[in-house]
Each structure stands twice: as structure tokens, then as C-alpha cells.
Number of protein chains: 2
Amino acid sequence: MQNYEIDNLDKSILEALTENARIPYAELAKKLAVSAGTIHVRVEKMKNAGIIEGTKVSINAKNLGFDVCCFIGINLKNAKDYPETIKKLEAIEEVVEAYYTTGNYSIFIKTMTRSIDHLQMLLINKIQTIEEIQSTETLISLQNPINRDVLP
Amino acid sequence: MQNYEIDNLDKSILEALTENARIPYAELAKKLAVSAGTIHVRVEKMKNAGIIEGTKVSINAKNLGFDVCCFIGINLKNAKDYPETIKKLEAIEEVVEAYYTTGNYSIFIKTMTRSIDHLQMLLINKIQTIEEIQSTETLISLQNPINRDVLP
DNA sequence: TATGAAAGACCGCTCCC
DNA sequence: GGGAGCGGTCTTTCATA
């Protein structure tokens, strides 16, 4: 199911669908000069290959009141506590992404909060109370100048 | 256009659309026990309020061959070179996200590459040749145990 | 002002070429 | 990969509370 080689048509479909996942297949077909049936076949193929996982709305978090995006590098007391820590982080709704990384930190997370106060509360009352965590480093995102979702 | 307060119905719509943006409005209406017209009105309202930015397919980068996800913290020689550096980073297709942050790094970027070799090439031949950059720190993501797209 | 119902146009899915 | 048919969906309008 993996490593299916996509051709230019597949690529064009992905690009179009990345801009607007709700575009009618018929319109897409016209734009790419193929038939609607073909689009359908290709999309199904990419779904089966696990390339297309699904469709999502992109929500502007800022306009919903979540103004503060922040990255937090976490160091654990013991590396073996990783699974337990992830479980605890998962229970915190402000944690939107988590990565297990090599380098300076054991775990690296991204958080979305409504304000700096909210972030501070999150850090003090939720994250730093996790006993497996030794220390944290906070990187507040002031700007997000690049945010791509298309791959070459 | 901002700070429009969403109610429970809007929230349910967003949640459903986040799981599957292509769900028929009629089905969504049935699930939420309202009429299809209402769904349509609400979605339009949230689009106008800038809450819904659009719809996207979620692509599994791994199945496309992009196996290595990596974060790179960048320090600049001079803080004022930020805009110029962003411009140069933007031209690098492997750079999928960039943040201007407070804390340890000036700029923080996320990259997607096909392999460790590819990552190494990216670092040496592309990123570290940007003259405004003083130093970089690389955090290779080994796992991505949390990846939410729903907000509370 | 926001919701609900219905009608027509449009689209997606499936088959066969 | 292309083309046509049927079943279903989206959108719009109008009436209502």
C-alpha cells in the first residue's frame, strides 16, 4: 500500500485538492483536461495507497481567539518515562502536536493558547506539574511567515 | 470580521468538517438535527468571519516518500536580517513551516526530506549557505505521537 | 433574525467502451 | 482514459416563528 509512485496528473490533483478539497471533480477534470471518471479513479487510488488520508477544513485559530502559538522543548528526568509523559501530554487539550526528537530536547511540543496568561497557566499548572519532566524551554511564536502544505 | 463568537452548533460543524471536509451538508444536518440550509448558512458565516479558511486534503507525507521530519533552530548574525532570511528560506521547498520566535532561536523552521542524506544535503548545501545565518541546531523528529487539529 | 422545507440544477459514482 | 446515465446532493428561494 506504500511507495506508490505518483505521476504528474496525481500531483496536479493533490495540488488542487490542497487548495480546495471541496472542488467538484468535474471542474477539476476540466482544469486538468481529463474526464471526471479519471479524477475519481486517481483519488481512490491515492486513498488506498494511504497518500490521501482525508479532507479537513483549515481553521484560522487566531480568529477563534487562540492567539498564542508556542513551542516547548521538554527534557525528561529519565528517557524511559517517554510513553508515560506522552500520555499525560495528550490529556492536555492545549497541546496540539508532540514530537519525539533527537537533539536538545527529549520531547518537543506545540501549544495553542488564548493569551500569554493562558500560556503561563498552562506551563505552571499543567505541564510543569508532570513529574517525569525535568525542565522545559519555551519558544513563543511571534510570527508564522511560512506555512506550506504542498510538497515538491 | 473577527472575534465572532461561535456557538455549540458551529463547534459541532467545525468538528465534523475537521474529520471530513467533504461530508455532504445533508448528512451533517441529519447528524446535528438541523436542516441543510442552516448548515449552509453557518458555514458561510464562519467563512466570512475568517474562521474557516478553506478545505484541504491531508496528505500522508511518509507514504509519498518524505520520511524525515526535522526542526531546525536558527540563530542570525543580526536580528535585522530576519526578513531577508525568511525570503531565502521560502525559496527552499523542503522548508514547510517557519516561525519567528522568542527564546533560544531567532527563527525556527520545520523541514520535510526524503531521507537523512537528503536532510544533510539540505543543511549543508542550502540552509547553511545563507550568509545571514550564524548557527543552526537540528532536532530530528523520530515520532509524532500527538497531532491534533481540533481546538477545545 | 435565524431556521425549515422544497425544487431545480448540478455533481458524483458506476458501468461499459 | 473517455463518455453517459441514474441517484443523490448543493444551493437557492420562500415561508415561518
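Basis for what follows: all heavy atoms, side chains included, without hydrogens, waters or symmetry-related copies. Chain naming here is simple, since letters A, B, ... match the order of the sequence lines and numbering starts at 1 in each.
- Summarising the geometry, the separation between NZ on A:K30 and P on D:dG2 is reported as 15 Å, rounded to the nearest angstrom.
- Between B:K88 and B:D81 there is no salt bridge, since no side-chain nitrogen of the basic residue lies less than 4.0 Å from a carboxylate oxygen of the acidic one.
- Side-chain N/O atoms of A:S35 include one lying less than 4.0 angstrom from OP1 or OP2 on D:dG2.
- Distance CD1 (B:I39) to P (D:dT9): 14 Å, rounded to an integer number of Å.
- Counting only N and O atoms by type, the side chains of A:N20 and B:T55 include a donor and acceptor under 3.5 Å apart.
- Two different hydrophobic clusters hold B:F108 and A:L142 under the rule that ILVMFWY side chains link at heavy-atom gaps under 4.5 Å.
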Please encode protein proximity along nucleotides 9-15 of chain C as a string of B, S and -, counting only heavy-atom distances under 4.0 Å.
--SSSB-
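- For the helix from C:dT1-D:dA17 to C:dC17-D:dG1, the end axes, each set by the C1' atoms of five terminal pairs, are bent relative to each other by 30° (nearest 10°).
- For A:D67, there are no salt bridge (Lys or Arg N to Asp or Glu O under 4.0 Å) partners, not counting sequence neighbours.
- If you take CG of B:L28 and C1' of D:dT11, they are 16 Å apart, rounded to a whole angstrom.
- Between the side chains of B:E137 and A:N104, a donor-acceptor pair is found at a separation under 3.5 Å.
- For A:N60 and B:E53, the side-chain atoms include at least one donor-acceptor pair closer than 3.5 Å.
- Side-chain atoms of B:Y99 and A:K110 form a donor-acceptor pair, as typed in the model, at a separation below 3.5 Å.
- Ring-centre distance between B:Y105 and A:F71: not below the 6.0 Å cut-off.
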